[in-house]
2 protein chains.
Amino acid sequence: MAITLKDVAKHAGTSIAAASATLNPGNKSNTRVGDIARHRILSAASELGYAYNPIAKSLVTGKTGVIGLMLPYADAFVDQNPFCATLLASIVTSLMQKHYNLMLYTATSGSVTESSKVAIDSRVDGILLVVPPVNSDVFSHCDKRSIPYVSVIRDIDENACSVNCDDYTGGYMATKHLIDLGHRRIAHFVGNPDVSTTAARLEGYRAAMHDAGIPESDHIEVPSGFLREPGYQSAMMTFSGNPQSAPTAVFACNDLCAAGALQALSELGISVPDEVSIVGFDDTPFSASLQPPLTTIRMPIQEMGSLAVELLVNIIEDRQPTTRQHCLPVSLTLRSSTSTSPKT
Amino acid sequence: MAITLKDVAKHAGTSIAAASATLNPGNKSNTRVGDIARHRILSAASELGYAYNPIAKSLVTGKTGVIGLMLPYADAFVDQNPFCATLLASIVTSLMQKHYNLMLYTATSGSVTESSKVAIDSRVDGILLVVPPVNSDVFSHCDKRSIPYVSVIRDIDENACSVNCDDYTGGYMATKHLIDLGHRRIAHFVGNPDVSTTAARLEGYRAAMHDAGIPESDHIEVPSGFLREPGYQSAMMTFSGNPQSAPTAVFACNDLCAAGALQALSELGISVPDEVSIVGFDDTPFSASLQPPLTTIRMPIQEMGSLAVELLVNIIEDRQPTTRQHCLPVSLTLRSSTSTSPKT
DNA sequence: ACATTCTGATGAAACGTTTCATCAATTACG
DNA sequence: CGTAATTGATGAAACGTTTCATCAGAATGT
């Protein structure tokens with residue numbers, strides 16, 4: 001049915017090897033082909049409508065030109081967290097520039113490890129693991145198959161490559177910003193406990209509070225989560241009580257959580273930023289659409305995506321990166337959800 | 001290096017064919033293998049750490065178990081439009097249930113056709129085209145390679161499979177809703193002209209206006225777009241003039257556009273919904289986070305994704321679908337961005 | 001003029017599966 | 001009991017590339 005190299009070679013009156021060397025990208029063979037032959041092959045190919053078969057190539061070279069991207073939780077993470085879309089866009093764009101294709105894997109809650117193995121077994125050249133709540137099983141599986149991986153937003157062991165942002169400093173900056181505005185009763189809506197990010201941002205919060213001389217007893221750490229709903233719930237819990245003792249500011253674990261909080265406050269008739277200031281974390285495109293536009297810590301999502309791709313491709317192509325653990329800087333994006341404390 | 005079927009067979013003292021039939025999923029051969037042999041093969045495989053090679057299988061079967069998803073515009077569409085994330089999540093989830101993998105392709109503006117060909121040439125079993133501003137070139141390319149495709153949110157010709165939602169009725173419902181609230185001066189922020197969706201929603205708007213007896217001269221059609229920025233611009237243009245003649249309601253081409261409009265109105269000090277009502281279109285998770293939460297037309301994005309997958313997989317597996325053109329119903333989601341016209 | 005290198009070219013062996021055709025031995029059937 | 005069907009099993013031919021080893025002849029160097 002399909003036209004193969006053999007057909008082209010026969011039609012051009014040359015050998016298959018010559019046709020292969022002429023038509024196919026990146027041939028490493030020592031096969032040389034002269035001008036006359038080249039032209040005959042080229043025209044034979046276009047005449048017959050030759051379609052190159054990457055599968056066959058992969059079989060012999062052992063490379064697929066595909067990298068796998070493991071995103072957890074299609075339901076919640078991909079669907080609802082704009083951070084994910086931004087990262088994905090950055091990754092797919094970077095990959096295409098480097099002429100790699102992207103295979104996307106997701107797991108619905110629970111089966112992350114299982115799904116990862118599916119990904120690994122489908123013969124990708126490398127794997128990008130994003131915020132993976134995977135156990136070390138997955139990594140040893142990768143190692144066994146000798147598939148290189150880079151993890152994004154998660155520390156693995158010393159040997160693994162990873163790309164993170166400076167969550168600790170981000171948490172510190174967010175909290176410090178609120179302190180500088182005169183706030184003292186500052187709540188932190190803490191993210192999901194299974195992600196390393198959560199601990200780092202929390203540590204930043206604690207350090208900033210500590211450095212400002214606010215005693216630990218006045219820290220307000222509210223268990224929350226990275227989605228809108230937990231942010232809403234936490235805000236409802238925190239602000240529906242006595243307004244005298246309620247915090248005057250919130251550092252939410254991310255923008256989505258902040259969005260939920262924003263809505264809760266609006267429903268409670270509490271004005272942001274006049275009565276309560278809010279800082280988020282992520283700075284995805286939608287954060288500017290919130291009312292009021294959200295002051296937040298900007299994660300360099302684009303850069304993280306392209307750096308992760310860069311690292312992974314380097315490893316795949318046997319250029320070992322000099323730095324294996326990367327931590328990109330964050331910055332404060334000032335918008336309208338924070339202002340000076342009403343008590344000062 | 002890697003352990004192959006041959007190794008396993010030798011170690012188990014059986015034939016390769018037996019090992020293949022035992023270890024590999026969906027074998028269609030008539031090769032039978034008895035219990036004793038099966039056990040020996042199984043234990044040999046786990047002992048040696050056999051890793052199945054899908055590439056080799058693909059080469060002989062001609063199937064890859066991969067479908068390609070073509071999303072235009074990684075920069076704007078994927079990054080910023082939550083609709084895209086929701087659809088993607090739905091598609092990837094549905095595909096995994098059907099044991100297909102997802103290869104993701106995007107094009108940065110302009111090279112959509114080129115990127116599509118890359119997708120087609122990488123031997124996927126089928127292609128999902130989402131909102132593709134592609135020319136018919138792409139489809140004939142698919143046909144030439146006899147790769148089935150389903151297009152989402154775009155009408156192709158009669159023969160092609162497509163999944164759309166009822167944009168016309170959505171546009172009608174949105175406008176009718178505003179009319180029912182007593183509005184007469186209703187603007188429509190029109191989407192990008194290159195998408196068929198745009199025309200359908202616009203027609204719905206016109207029909208509803210017409211049915212309400214509002215003369216064409218009073219229609220207010222503002223060229224806008226599907227992103228936040230054009231929504232913002234259009235609102236600024238529309239509402240910065242004389243408030244007497246300004247519309248009292250807006251039907252935005254989608255939620256992102258509505259979000260931009262919302263922000264513009266907030267900056268202009270115009271209250272929503274007290275002074276101006278706004279209806280969006282899409283109803284992605286983030287639409288409820290807006291202030292005020294957005295009244296919008298709900299697209300059944302999840303269902304569209306899973307239906308598209310269902311159709312494509314059916315075609316791939318030679319079960320021709322009975323209905324080829326699908327148009328899913330939309331509905332009105334009432335939130336807080338609309339209220340009765342201030343003039344009534 | 002002879003040895004060496006270079007150029008153009010080719011055949012064939014991989015790559016790791018699936019699956020067809022074949023076969024012996026066993027079981028079922030009338 | 002003879003024939004037919006079933007079971008368990010195997011060897012080998014694909015699938016469409018890449019690439020190694022080889023070779024003839026031309027160009028180059030001494």
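Protein chains get the first letters and strands the later ones, always in sequence-line order, with residue 1 at the start of each. Just so you know, these numbers use all the heavy atoms, side chains as well, and skip hydrogens, waters and symmetry mates.
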Q. Rounded to whole angstroms, how far apart are CD1 on B:I55 and P on D:dT18?
A. 14 Å
Q | Whole-Å gap separating P (C:dC15) and CG (A:N53) | A | 19 Å
What are the atom names and distances for every N/O pair under 3.5 Å that joins the protein to nucleotides 5-11 of chain C?
residue: C:dA9; atom: OP2; partner: A:G34; partner atom: N; Å: 2.2
residue: C:dT10; atom: OP2; partner: A:S15; partner atom: N; Å: 3.0
residue: C:dT10; atom: OP2; partner: A:S15; partner atom: OG; Å: 3.0

(Q) If I compare all heavy atoms of A:A21 with all of A:V33, which pair ends up nearest, and what's the gap? (A) CB-CG1, 4.5 Å
Q) Got a sec: does the NZ of B:K117 have more than 12 other heavy atoms crowding it under 6.0 Å? A) yes
Q | Separation of D:dT17 C1' from A:K63 NZ (nearest whole Å) | A | 17 Å
(Q) With heavy-atom distances below 4.5 Å as the criterion, would you say the side chains of B:Y100 and B:I316 are in contact? (A) yes
Q: Grab the CG-P distance between A:L5 and D:dT19 for me, whole Å please.
A: 13 Å
Q. Can you tell which of A:L311, A:D143, A:I315 makes a side-chain contact (heavy atoms from CB on, under 4.5 Å) with A:Y149?
A. A:D143
Q. Can you check the A:D7 CG to D:dC15 P distance for me, whole Å?
A. 10 Å
Q. Near A:K10 NZ, under 6.0 Å, is it more than 12 heavy atoms from other residues, nucleotides or ligands?
A. no
Q) Please give, in whole Å, the distance from C:dT17 P to B:Y52 OH? A) 8 Å
Q: May I ask you to evaluate whether B:N24 reaches the phosphate of C:dT17, defined as a side-chain N or O under 4.0 Å from OP1 or OP2?
A: no
Q: For A:A51, answer base if it contacts any base atom (sugar-phosphate contacts may also be present), sugar-phosphate if it contacts only those atoms, and nothing otherwise; contact means non-hydrogen atoms under 4.0 Å.
A: sugar-phosphate
Q) Can you tell me if A:S162 uses its side chain to pair, donor with acceptor, with the backbone of A:V152 under 3.5 Å? A) no
Q) Just to confirm, is there a sub-4.0 Å distance from OP1 or OP2 of C:dT17 to any side-chain nitrogen or oxygen of B:S20? A) no
(Q) Would A:N24 and A:L5 count as a side chain to side chain contact (heavy atoms under 4.5 Å, CB included) here? Give the steps. (A) CA-CA 10 Å; A:N24 291 338; A:L5 269 188; 4.0 Å; yes
Q) Rounded to the Å, how far apart are A:K6 NZ and C:dA12 P? A) 12 Å
Q | Nearest-Å distance for atom pair CG/P, residues B:L59 and C:dT19 | A | 12 Å
